[in-house]
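Here's the structure we're looking at; comments come further down.
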Amino acid sequence: MAKEKLVVIKEADITNNCPECFNQDMKITFYQKHLFGRLYHKITPKVSHQIKCNTCESIIYPVKWTEDIERIFEYYQKMVNPEKASTKFTALFYILVLSPIVIAGVLFYLFQTGIIAF
């Protein structure tokens, strides 16, 4: 079972008014989804975001965004550079894949040289 982790790729303080408490202390954060398994580490192209007020600790959902927040969001969204989607295999993967091939090669060599016979 792969574990999901959201990795922060961009974080910025914004000074727009919070729709909940009207304070000007908010933070926008962009995340990229990573999957970690025993055999691989996969970076997905999926990017998500969150806008949170630092004063009232509420998450500002897109339904409550003002035009100013939308403009700031579009600006920061253009600045986000996510990692390229890729899959990296772990050492365990290579051990499980290469060990049968090496064993088969050694046995083939031993049979060919006559050291081992049926």
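Values below: all heavy atoms of this structure, side chains included; hydrogens, waters and symmetry mates excluded.
Residue Tyr76 comes nearest to Ile28 through the heavy atom pair CD1-CG2, 4.2 Å, listed as atom of the first residue, atom of the second, then distance. Among all heavy-atom pairs drawn from Pro82 and Val47, the shortest one is CB-CG2, 3.8 Å.
With rounding to the nearest 0.5 angstrom, the NZ atom of Lys52 is 9.5 Å from the NZ atom of Lys27. Rounding to the nearest 0.5 Å gives a distance of 11.0 Å between OG1 of Thr29 and NZ of Lys10. Atoms CG and SG, from Asn23 and Cys53 in turn, are 6.0 Å apart once rounded to the nearest 0.5 Å. Between the OG1 atom in Thr55 and the CD atom in Glu20 there is a gap of 12.0 Å [rounded to 0.5 Å]. In this structure, Ile69 CD1 and Asn17 CG are separated by 8.0 Å, a value rounded to the nearest 0.5 Å.
No continuous path of hydrophobic side-chain contacts links Ile95 to Val97 [ILVMFWY only; heavy atoms under 4.5 Å]. Val80 is connected to Trp65 through a chain of hydrophobic side-chain contacts under 4.5 Å among Ile, Leu, Val, Met, Phe, Trp and Tyr, so both are in one cluster. Criterion: ILVMFWY side-chain heavy atoms under 4.5 Å apart, direct or through other members. Under it, Val102 and Leu96 are not part of a common hydrophobic cluster. In the hydrophobic clustering of ILVMFWY residues, with side-chain heavy atoms under 4.5 Å counting as a link, Met79 and Ile72 come out together. Note on Phe73 and Ile14: same hydrophobic cluster, where clusters join Ile, Leu, Val, Met, Phe, Trp and Tyr whose side-chain heavy atoms are under 4.5 Å apart, directly or indirectly.
Leu39 places a side-chain heavy atom less than 4.5 Å from the side chain of Leu92. Put simply, the side chain of Gln50 reaches to within 4.5 Å of the side chain of Ile59, judged on heavy atoms. When side chains are defined from C-beta on, Ile51 does not count as touching Asn16, because their heavy atoms never get closer than 4.5 Å. Residues Pro19 and Ile60 form a side-chain contact, since some pair of their non-hydrogen atoms from C-beta on lies under 4.5 Å apart. Between Phe93 and Tyr40, every side-chain heavy-atom pair lies at or beyond the 4.5 Å cut-off. Two residues are said to be in side-chain contact when any heavy atoms from C-beta on lie closer than 4.5 Å; His49 and Gln77 fail this criterion. With a 4.5 Å cut-off on side-chain heavy atoms, Leu6 and Ser48 count as touching.
A distance-only check finds a donor-acceptor pair linking the side chain of Gln32 to the backbone of Glu83 [under 3.5 Å]. Here the side chain of Thr90 pairs a donor or acceptor atom with the backbone of Arg38 at under 3.5 angstrom.
The only member of His34, Lys88, Lys5 that meets side chain to side chain donor-acceptor pair (under 3.5 Å) when paired with His41 is His34.
By the ring-ring contact (aromatic ring centres under 6.0 Å, His included) test, Tyr94 pairs with no residue at all, sequence neighbours left out.
Around OH of Tyr75, the count of heavy atoms belonging to other residues, nucleotides or ligands within 6.0 Å does not exceed 12. Residue-environment remark: CD (Glu57) exceeds the threshold of 12 foreign heavy atoms within 6.0 Å.
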